[in-house]
Amino acid sequence: MSASVYARPVQPRIVLRPTLATIALHGLVIYLLTANWHAFEDKTITAKVVPKVIDAKLVELSEVMPKKPEPKPPAPKPAPKPEPKPQPKPEPKPAAPKPEPKPQPKPVEKKPEPKPQPKPEEKKPDPGPSREELLRQQREDMARTMAQEEAARAAATADEMAASFAALIQRTVVGYWSRPPSARNGMEVLLQLQLIPTGEIVSVTVLKSSGDTAFDRSAINAVEKAGRFPELQKLPQRKFEETFRRFRLLFRPEDLRY
Amino acid sequence: MEEQLSLIDLVLHASFTVQLVMLILLLASMLSWYMIVQRAIYFRNSQDDMIRFEEQFWSGIDLSQLYREGNERAADGQTIVGMESIFRAGFKEFSRLAQQQGMDSEAVIEGSRRVMRVAMLREEERLERHLPFLASVGSTSPYIGLFGTVWGIMHSFRGLANATQATLATVAPGISEALIATAMGLFAAIPAVMAYNRFAAKVDMFTNRYDTFVDEFSSILYRQAYALRSREKKAG
């Protein structure tokens, strides 16, 4: 009887729920932190150096944002190569004019732009055929595009800028790229670049070698010669962190004859 | 120079001391969260029990009836805590003392009051359990984290000593990983401090309510004891 009066202080056992809650909370925090961190890192552009790509987007870019002071002569190349892109890319892939003037034995027909927003500006030079059709289409698109463009201009500026800078980087690097004689079609080397907000390249590493040292070396040389991209300073900080802090560059010659 | 600046890599590549600090802080954080949740559940349960018991107690139910109900629940294996255990302690002592002949009513009341005090202290002990741990996590883990950070920064600057060309890039990863320790320290400390303050206030609230109950219940016992003795005197 008296044992109950002076009872040993029994603790009610509450174990399971606190344990579960603790583990869940810490798991969630760790997951969120790492996932966020990764989202920052992983969103890298794969600026493939494929010499021949459609160049129609450059025209559109300069039209969409005329305020952007970019020394970019939009020279449309009539040698589009339909390139199968397996990975879905967040940014629209900009095009790069090929610096090396190499004659292409490729079909010369234009590839229609797979862009969701129709832009009358790019439609104009694109299809060569009948004027009536063109005019009709233009009128049709006009009203829609007027409103759309305004919205798109505001929303997509950062994306577009990033895309155009990606194109710029691509072009610059390709411009400095002198391929060794051992280069073959289908070889590819994947580089990882780290940039700082001033546009300087702080590190270049080979992520995936092509197997040919000379070829790898030539790619690294191209990047090192390019040195810095001061244009990147114009990019908003957040966008820079997302896309250009670390990104990958794929060198893949496809225009070689053998 | 392939420093993967992801969080996991930063933690994995940290120096041993910093890693140890991080581990300690992680454990502290987990333990303190365990205790926070556990205390929250316990306090909620005790509050529910207290409200239920007070309702029962003041509903005019016969006190020995209430005591028997408690007995049944105790026989079922439930631990009776909170206000009810104070009541049971006091009531049991009262009935035991009142049965003894020659006990004057003052002594009976004093005895049951003392027993209720003891039971209340036990209750306080139950309530306050784990709170010291929360307090020490709250006050020390920022310092532990700071220690990890200072240690890590010391290391990364020592690495600069031999470098001819000191760039930010050589120290930045080290500092970054070192700062994680401080972040973890704060992460552990902030909830612990907040929970400690909240729980300490709760404990105060419970103690006050129990105190009040002890006084109220002893006044009831007082009345009963005098009624009993006067009846005995009349009978004897």
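The chains referred to below are lettered A, B, ... by the order of the sequence lines, with proteins before strands, and numbering in each begins at 1. Given the structure is predicted, the values throughout are model-derived calculations rather than measurements.
A 6.0 Å sphere centred on CZ of B:Phe94 holds more than 12 heavy atoms belonging to other residues, nucleotides or ligands. Around atom CZ of B:Arg117, more than 12 heavy atoms belonging to other residues, nucleotides or ligands sit under 6.0 Å away. In B:Met194, the CE atom is not crowded: 12 or fewer heavy atoms of neighbouring residues, nucleotides or ligands sit closer than 6.0 Å. For NZ of A:Lys225, the number of neighbouring non-hydrogen atoms (other residues, nucleotides, ligands) closer than 6.0 Å is greater than 12.
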**Study point:** Worked check of side chain to side chain contact (heavy atoms under 4.5 Å, CB included) between B:Gln38 and A:Val15
**Key:** CA-CA 7 Å; B:Gln38 204 248 17; A:Val15 175; 6.0 Å; no
Check your understanding: Could you go step by step and tell me if A:Arg17 and B:Tyr34 meet the side chain to side chain contact (heavy atoms under 4.5 Å, CB included) rule?
Key -> CA-CA 9 Å; A:Arg17 274 182 293 173; B:Tyr34 172 82; over 6 Å; no
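Between B:Met35 and A:Thr22, every side-chain heavy-atom pair lies at or beyond the 4.5 Å cut-off. Counting heavy atoms from C-beta outward, A:Ile23 and B:Met30 have side chains that approach closer than 4.5 Å.
Distance CG/B:Leu26 to CD1/A:Ile30: 5.5 Å, rounded to 0.5 Å.
Looking at B:Ser29, the atoms closer than 4.5 Å to chain A (heavy atoms on both sides) sit in the backbone and in the side chain alike.
Between B:Val37 and A:Pro18, the shortest heavy-atom contact is CG1-CA, 3.7 Å.
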